[in-house]
> 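Sharing a structure here in structure tokens format.
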Amino acid sequence: MGDEDGRLVVDGLNVYYDRVHVLQDVGFEVGAEPVAMVGRNGMGKTTLAKALLGLVPAASGSVRFGGQELLGASPYKIVKAGIGYVPQGRRIWPSLSTHEHLVMVGAKAGSRWTVDTVYDVFPRLAERRDVSGANLSGGEQQMLAIARALLTNPRLLVMDEPSEGLAPAIVEHLASTLRSLVDEGQSVFLVEQNLRFATELGDHILVMVNGRIATDLRSEELLADEEKQNLYLGVA
Amino acid sequence: MDQILTIGLNGLTVASLYFLVASGLTLIFGMMRIVNLAHGAFYLLGGYVAFSVLQGTESWSLGLLAALAAVGAVGVVMHQVLLRAIEHEDMRVALVTIGVSLILADQLLVYYGGVAHSVVPPDFLSGGMELGVAGIVYPRYRIFVLGLAILVGIALWLFISRTRFGMIIRAGVDDRDMVSATGINVRVVFAAVFFIGSALAGLAGAVGAGAFSLAPGTDVEYLLYSLIVVIVGGMGSIPGAAIGALLVGLVSQFALGYTPAVASIVTFALMIGVLAVRPQGLLGRTA
Ligand SMILES: Nc1ncnc2c1ncn2[C@@H]1O[C@H](COP(=O)(O)OP(=O)(O)OP(=O)(O)O)[C@@H](O)[C@H]1O
Ligand SMILES: [Mg+2]
């Protein structure tokens with residue numbers, strides 16, 4: 001254990017959908033510093049997040065977390081090992097109310113995250129506690145998806161495009177909430193298409209192109225280099 | 001007038017049994033997308049288990065409990081041993097569960113023979129009961145069956161809407177991968193749901209064998225009708241199963257009373273009519 005504690009080490013990860021080689025020899029590490037991954041549509045970012053959580057099978061490679069091999073483990077064991085998941089599209093359960101989402105996941109009393117402390121960070125959710133997940137706004141659903149993941153008291157939080165489809169003011173608010181979690185010491189691996197959001201949160205940026213990690217650079221570097229932004233993201 | 005009331009009450013008795021059987025079927029389907037075609041055979045098995053236990057111990061309530069537990073256990077074993085590996089392949093699941101159904105029904109035929117048996121209810125549930133309406137006397141046991149179905153329905157509803165386990169079931173129906181991704185072992189939940197769903201069929205068989213007789217072929221009849229109930233009410237919905245059972249029970253009994261020659265056609269027409277207007281069933285959600 002020791003310095004490997006809470007560190008995610010991915011190595012030579014390969015994932016196929018039938019014959020299509022979607023992730024090709026992906027390797028990277030996430031430690032205490034937040035890491036963000038950017039890349040255009042269909043490049044394999046969500047597949048990577050799912051593979052980390054055991055939601056899609058990998059053909060080969062290794063995903064170690066805190067020194068423990070997680071590849072091939074079932075999703076619930078991976079979550080128990082300390083990885084929290086905020087999926088793309090939020091995947092709120094329409095049959096459950098806001099409060100039920102949180103109660104269902106639950107948490108041991110005295111943990112950093114309990115239903116009460118989650119409500120402290122997201123007071124809006126407390127106001128909407130009896131509303132069905134299906135009737136929440138996009139921003140509220142995103143907060144709920146994050147709250148739900150926090151309740152598993154993860155050492156590493158994996159988030160897939162949390163800013164997708166949200167109004168700029170809400171994205172701003174979300175970014176500052178997440179920033180304060182990171183400042184508090186929460187490890188984060190963030191997948192984002194929104195470059196501003198990604199660089200605001202991630203110190204380190206990985207760029208995924210066609211299932212490979214094309215480059216790995218510091219946020220300032222990517223922000224300062226419009227040519228690279230064009231090349232990797234197609235944004236000006 | 002008397003006749004209409006009596007047929008209506010018969011419809012309610014049948015609906016009660018259909019509900020007990022179909023609620024188990026729909027619970028399992030909703031959570032796991034498994035259509036258990038052995039569910040009718042589970043009904044039959046429940047009836048025979050209750051029959052044997054009643055013979056051996058002379059305790060009717062022990063017979064009911066034994067049917068519930070034994071059939072629940074058989075369901076779990078079938079799921080763990082035969083279905084786990086093929087869960088996502090509908091056709092294989094259908095074939096395997098039909099296979100289980102045929103083997104089970106055949107074994108029961110060998111063991112209990114082709115004659116009809118029944119699970120005789122205890123004295124306090126026997127005889128007739130004055131309903132105080134139009135001087136009708138109706139079998140007390142059938143009123144008990146109706147009451148039991150209502151009780152089970154309420155219990156299921158409370159369980160699903162109020163408990164944490166019920167939340168997990170509802171969330172699993174919506175998106176079960178996300179349930180695993182919050183650290184919950186869905187396998188254990190599946191086993192529990194298979195137990196409850198199968199146990200309901202067993203209970204229905206034990207109870208049904210007191211109102212109607214138990215004989216080879218009953219399994220197919222209950223499988224067919226509970227499938228119709230679930231399709232009419234909406235696959236995966238427990239309130240849907242209640243409404244579906246009520247409709248199918250009443251329609252089938254009135255058709256039997258007034259147009260016996262084409263009774264089963266009328267029941268199928270009900271299903272086709274509902275499907276034409278609401279393909280997902282009355283309370284079902286579109287996939
Ligand atoms: N279940 C699946 N079966 C087959 N192919 C899939 C499946 N899911 C995704 N793909 C394909 O795999 C590739 C990678 O998809 P993925 O969702 O990982 O991309 P992404 O980078 O997350 O894209 P986006 O930015 O749009 O979310 C795409 O070409 C996609 O069409
Ligand atoms: Mg994606």
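Basis for what follows: all heavy atoms, side chains included, without hydrogens, waters or symmetry-related copies. Below, chains carry the letters A, B, ... as their sequence lines are ordered, and counting in each starts from 1. Predicted model, so just to flag it, every value in this text is computed and none were measured.
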> Given that the side chain runs from C-beta out, which part of Thr152(A) has a heavy atom under 4.5 Å from chain B: side chain, backbone, both or neither?
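For Thr152(A), the side chain is the part near chain B, not the backbone.
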> Answer yes if the side chains of Tyr43(B) and Ser226(B) hold a donor-acceptor pair under 3.5 Å, and no otherwise.
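Note: Tyr43(B) and Ser226(B) side chains miss the donor-acceptor criterion.
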> Judged by atom type as modelled, is there a donor-acceptor pair below 3.5 Å linking the side chain of Ser252(B) to the main-chain atoms of Gly249(B)?
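Looks like yes, one N/O pair under 3.5 Å.
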> Side chains of Leu37(B) and Val35(B), heavy atoms from C-beta outward: is any pair under 4.5 Å?
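Heavy-atom side-chain distance check passes, below 4.5 Å.
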> Sub-3.5 Å donor-acceptor pair from the side chain of Arg176(B) to the main-chain atoms of Val179(B), do we have one?
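Not confirmed, Arg176(B) side chain does not pair with Val179(B) backbone.
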> Give the member of Asn185(B), Thr182(B), Val186(B) that has the highest number of heavy-atom pairs under 4.5 Å with chain A.
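Heavy-atom pairs under 4.5 Å are most numerous for Asn185(B).
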> Relative to chain A, which segment of Thr163(B) carries a heavy atom at a distance below 4.5 Å: side chain, backbone, both, or neither?
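No part of Thr163(B) comes within 4.5 Å of chain A.
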